[in-house]
> 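Sending over a structure as structure tokens; questions will come in a sec.
Hydrogens, waters and symmetry mates play no part in the numbers below; they use all other heavy atoms, side chains included.
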Amino acid sequence: MISSPQDDSVARVNTSAKQKTKPVAAIIGGGPAGLAAAERLAGVAQVHVFDAMPSLGRKFLLAGKSGLNITHAEDLDLFLSRFKEARARLEPLLRGFLPDEIRSWAAALGVELFVGSSGRVFPKAMKASPLLRVWLTRLREAGVIFHPRHRWTGWADDGALTFETPDGETHFRADVSVLALGGASWPRLGGDGAWVPLLRAKGVTVNPLRPSNCGFDVAWSPHMAARFAGEPVKSVTLSFGDRSLRGDFVVTRYGIEGSAVYALSADLRDASDRDGKAVLTLDLTPDRDLERLTRDLSRPRGKASLANHLRKAAGIDGVKAALLRECLDATVFDDPAALAEAIKALPLTLIRARPIAEAISSAGGVALDELDEKLMLTKIPGVFCAGEMLDWEAPTGGYLISACLATGRAAGAGAAIYDSENGC
Ligand SMILES: Cc1cc2nc3c(=O)[nH]c(=O)nc-3n(C[C@H](O)[C@H](O)[C@H](O)COP(=O)(O)OP(=O)(O)OC[C@H]3O[C@@H](n4cnc5c(N)ncnc54)[C@H](O)[C@@H]3O)c2cc1C
């Protein structure tokens, strides 16, 4: 079925074999979305999974490095609300593979899970590698054929899929295809967004890929960047627009990163893209109200240095004190009431989102209205799309992998009933 561009005898064998045997399905991209599609198609079609990298699921494995958060156990309506404006389109697909079903699926692969105190669901081993190993073995046993080191480059004039391989260009004729190529974050793991022009050339609207769940640049002073890079800022409240949340973040050489920042990052990114900056408001003492803080800071300082006074009266020192010095005019420190107000609502100006290559995930991608309800591209019949390459975004918390698995299965289900003869 794989042929060199000149070798059309192989393509003919492929076509005639099709009449007697199962249809041939090509899945391009071996991340969670592509593998979920392969799983759904196995047994129904001859399934071939192609990936540009020497091994599959590299981003999935990386996701497991910091504790694989595979789904979330919260109330379903809340879960669905995380997909914001994409909810309406994604809901039927997410309902096709609900968080509970994801948990049963992982259990069936022999992976024990636990629900963390926040409702996030993790494998007990925390890693992705045991799950991926069993999953790939099961897929192989179900007849799925893997083709690593096959970088998809588009379509030949006769409609065959074209790939770059270490042995040169090869063509592959499929009755149906699923693209599950990921976004453009962490491109060295395989997903680099090079597919965007290939689909645009076919008239498909692909919205620009943008960083999601990302850090931000801040114009730190050289002292702040050198002295405090890597320092966690713990248990603060971050507010932007009408959203506030309590959590931790990390000061980096260039700005800020971390889970609480990621949770607000879509709005912060949109605002900084639009206005050239976004002002995040920090409450450095969420457990002490303004009245008490003002009283505490108004206590006579005696001979204590300002740093000692801040530490003793308000519990602020280290990186939190440094943030105050970075963001406030020196005169504020002489006025306890103004200082208390600033500690409760410290404005931190973010300049821009960090580059997409550093982001956890991508926003943008194939416009959802380019797809029918089975996730087939209406402009390219027989080609389905799934996973992060579609234009939706969600915070961290297991929502990303959940939606990749659900859309992968949905695309696989659509491909399984696609009739290449009649185009429906
Ligand atoms: C550090 C980090 C931590 C994360 N942690 C979590 C987490 O805990 N929970 C969570 O839900 N999500 C997490 N994510 C996000 C999650 O890993 C992704 O959303 C998910 O892997 C996307 O799945 P996908 O199958 O759509 O794409 P990918 O996993 O990116 O897979 C796409 C595949 O397509 C292949 N490919 C791309 N272009 C081509 C081409 N032209 N030809 C052939 N193959 C190609 C790539 O090699 C890749 O294997 C994390 C991400 C990062 C970076």
> For the CD atom on Glu358, are there more than 12 heavy atoms of other groups (residues, nucleotides or ligands in this structure) within a distance under 6.0 Å?
yes

> Should we say atom CZ of Arg149 is surrounded by more than 12 heavy atoms from elsewhere, each under 6.0 Å from it?
no

> Measuring from atom CG of Leu56 to atom CH2 of Trp135, what distance do you get when rounded to the nearest 0.5 angstrom?
10.0 Å

> Quick one: does any side-chain atom of Ser244 pair with a main-chain N or O of Phe240 as donor and acceptor, under 3.5 Å?
no

> Determine whether Ser361 and Asn213 satisfy the following criterion, side chain to side chain donor-acceptor pair (under 3.5 Å), listing intermediate values before the conclusion.
CA-CA 6 Å; Ser361 57; Asn213 294 301; 3.0 Å; yes

> Give a yes or no on whether the backbone of Ala278 and the side-chain of Ser272 come within a donor-acceptor separation of less than 3.5 Å.
no

> Rounded to the nearest 0.5 Å, how far does OG1 of Thr285 lie from CG of Leu282?
11.0 Å

> Is it the case that the side chain of Trp392 and the backbone of Gly364 share a donor-acceptor pair, with hydrogens and angles ignored and the cut-off at 3.5 Å?
no

> Do the rings of Phe50 and Phe163 sit parallel, tilted or perpendicular, given the 30° and 60° boundaries?
parallel

> Regarding Thr281 and Ser239, is there a side-chain donor-to-acceptor distance under 3.5 Å anywhere?
no

> Show your working on side chain to side chain donor-acceptor pair (under 3.5 Å) between Thr205 and Glu370 and close with a plain yes or no.
CA-CA 7 Å; Thr205 302; Glu370 292 285 354; 2.9 Å; yes

> Taking the side chain as everything from C-beta on, heavy atoms only, tell me whether Thr407 gets closer than 4.5 Å to Leu375.
yes

> Quick check on Arg87: does its CZ atom have over 12 non-hydrogen neighbours (other residues, nucleotides or ligands) under 6.0 Å away?
yes

> Val111 and Pro123: which non-hydrogen atoms are nearest, and at how many Å?
CG1-CB, 3.8 Å

> Does the side chain to side chain donor-acceptor pair (under 3.5 Å) test come out yes or no for Trp105 and Glu39, once each step is laid out?
CA-CA 11 Å; Trp105 165 81; Glu39 187 170 42; 3.0 Å; yes

> Quick check on salt bridge (Lys or Arg N to Asp or Glu O under 4.0 Å): which of Lys344, Arg246, Lys234 does Asp287 satisfy it with?
Arg246

> Apply side chain to side chain donor-acceptor pair (under 3.5 Å) to residues Glu169 and His171 and explain how you reach the verdict.
CA-CA 7 Å; Glu169 186 178 275; His171 289 191; 2.9 Å; yes

> Taking Asp296 first and then Arg292, would you say they form a salt bridge - that is, a charged N and a carboxylate O separated by under 4.0 Å?
yes

> Do the charged groups of Glu393 and Arg210 touch, with an N to O distance under 4.0 Å?
no

> Atom CG in Leu94, atom OG1 in Thr71: separation rounded to 0.5 Å?
9.5 Å

> For the backbone of Leu98 and the side chain of Glu101, can you confirm whether one donor and one acceptor N or O come within less than 3.5 Å of each other?
yes

> Any cation-pi pair here, Arg354 with Tyr254, using under 6.0 Å and within 45°?
yes

